[in-house]
Amino acid sequence: DQQVKQNSPSLSVQEGRISILNCDYTNSMFDYFLWYKKYPAEGPTFLISISSIKDKNEDGRFTVFLNKSAKHLSLHIVPSQPGDSAVYFCAASGRETSGSRLTFGEGTQLTVNP
Amino acid sequence: NAGVTQTPKFRVLKTGQSMTLLCAQDMNHEYMYWYRQDPGMGLRLIHYSVGEGTTAKGEVPDGYNVSRLKKQNFLLGLESAAPSQTSVYFCASRSRPYNEQFFGPGTRLTVL
């Protein structure tokens, strides 16, 4: 039972354009969502998050949108840069989740072409 | 401030051998986690700990054991390694009031 799903294994965009990464979830108890970025041979690093009481959170070039009715969130990167090329994971947690565990999606490989 | 460190970085085992992966954090975090990452499957939680002396099972605990004798260390043990345990293992920690987890650099384990 995949509770967090990233349906696109890969995405390729041109430098300077917008990158949109998508994530869907099924568990209505999730109330906090995070995006992590991972470079090869490194651990994931936290990028941006959003609470379920909001529908948008922005941090520089990165914006996360949450659509609770559709159980969908997306990460927008504008403008995209070659250094953004990495695997992006979305993750979710809920107040009722023991240990505040995170449930991760499968990841999307973003490639930004110069 | 080293953050989260993992030892070793790489290891090759034969089927049936045992080993222990060490995770250490210097951020005084209460919670610690062990994940495995396999192609196309994201990160899956193996075991976690909400404090010194406590551990709990995650999503894929079979074949692994853990211990948290000190707040800063979280050990993951494989008693009898199997080829299915070939993976990249990540440790993470977080502070109680916050949701963000901080990850170590990973351990790449191959079981032949």
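Just so we're clear, the structure is a prediction, and the values are computed from it rather than from any experiment. Order of the sequence lines fixes the chain letters, A, B, ..., with proteins taken first and strands second; residue numbering starts at 1 for each chain.
- Checked by atom type, the side-chain pair B:E100/A:Y32 shows a donor-acceptor distance below 3.5 Å.
- Considering CZ of A:R101 and OH of B:Y48, their distance stands at 4.5 Å, rounded to 0.5 Å.
- Taking non-hydrogen atoms and a 4.5 Å limit, the residue list of residues 102-112 of chain B in contact with chain A, ordered by number, reads B:F103, B:G104, B:P105.
- Around the CZ atom of A:R61, the shell of radius 6.0 Å holds more than 12 heavy atoms that belong to other residues, nucleotides or ligands.
- Residue B:E79 places its CD atom among 12 or fewer non-hydrogen atoms of other residues, nucleotides or ligands, all under 6.0 Å distant.
- At a threshold of 4.5 Å between side-chain heavy atoms, the hydrophobic network of Ile, Leu, Val, Met, Phe, Trp and Tyr places B:L76 and B:V4 in two separate groups.
- Note on B:F90 and B:M19: separate hydrophobic clusters, where clusters join Ile, Leu, Val, Met, Phe, Trp and Tyr whose side-chain heavy atoms are under 4.5 Å apart, directly or indirectly.
- Cluster membership for A:V13 and A:W35, using ILVMFWY side-chain heavy atoms within less than 4.5 angstrom, is shared.
- For a residue to count as touching a neighbouring chain, one of its non-hydrogen atoms must lie under 4.5 Å from one of that chain's; by this rule B:Q37 touches chain A with the side chain only.
- Note that the CD atom of B:E59 and the CD atom of A:Q3 stand 8.5 Å from one another [nearest 0.5 Å].
- Of all residues in residues 40-49 of chain A, those placing a non-hydrogen atom less than 4.5 angstrom from a non-hydrogen atom of chain B are A:A41, A:E42, A:G43, A:P44, A:F46, A:S49.
- There is no path of hydrophobic side-chain contacts, each under 4.5 Å, that joins B:Y31 to B:Y64.
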For this session: Apply side chain to side chain contact (heavy atoms under 4.5 Å, CB included) to the pair A:L102 and B:Y35, showing each step before the final yes or no.
Result: CA-CA 10 Å; A:L102 293 179; B:Y35 295 89; 3.9 Å; yes
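- Here the closest heavy-atom approach between residue B:N99 and residue A:L34 is recorded as O-CD2, 4.0 Å.
- The environment of B:Y98 atom OH is sparse: at most 12 non-hydrogen atoms of other residues, nucleotides or ligands sit within 6.0 angstrom.
- If you chain together hydrophobic residues whose side chains sit under 4.5 Å apart, A:L66 and A:I77 fall into the same group.
- The structure places CE of B:M41 at 14.5 Å from CZ of A:F104, a figure rounded to the nearest 0.5 Å.
- Ranked by non-hydrogen atom pairs under 4.5 Å with chain A, the options B:L43, B:V88, B:L45 are led by B:L43.
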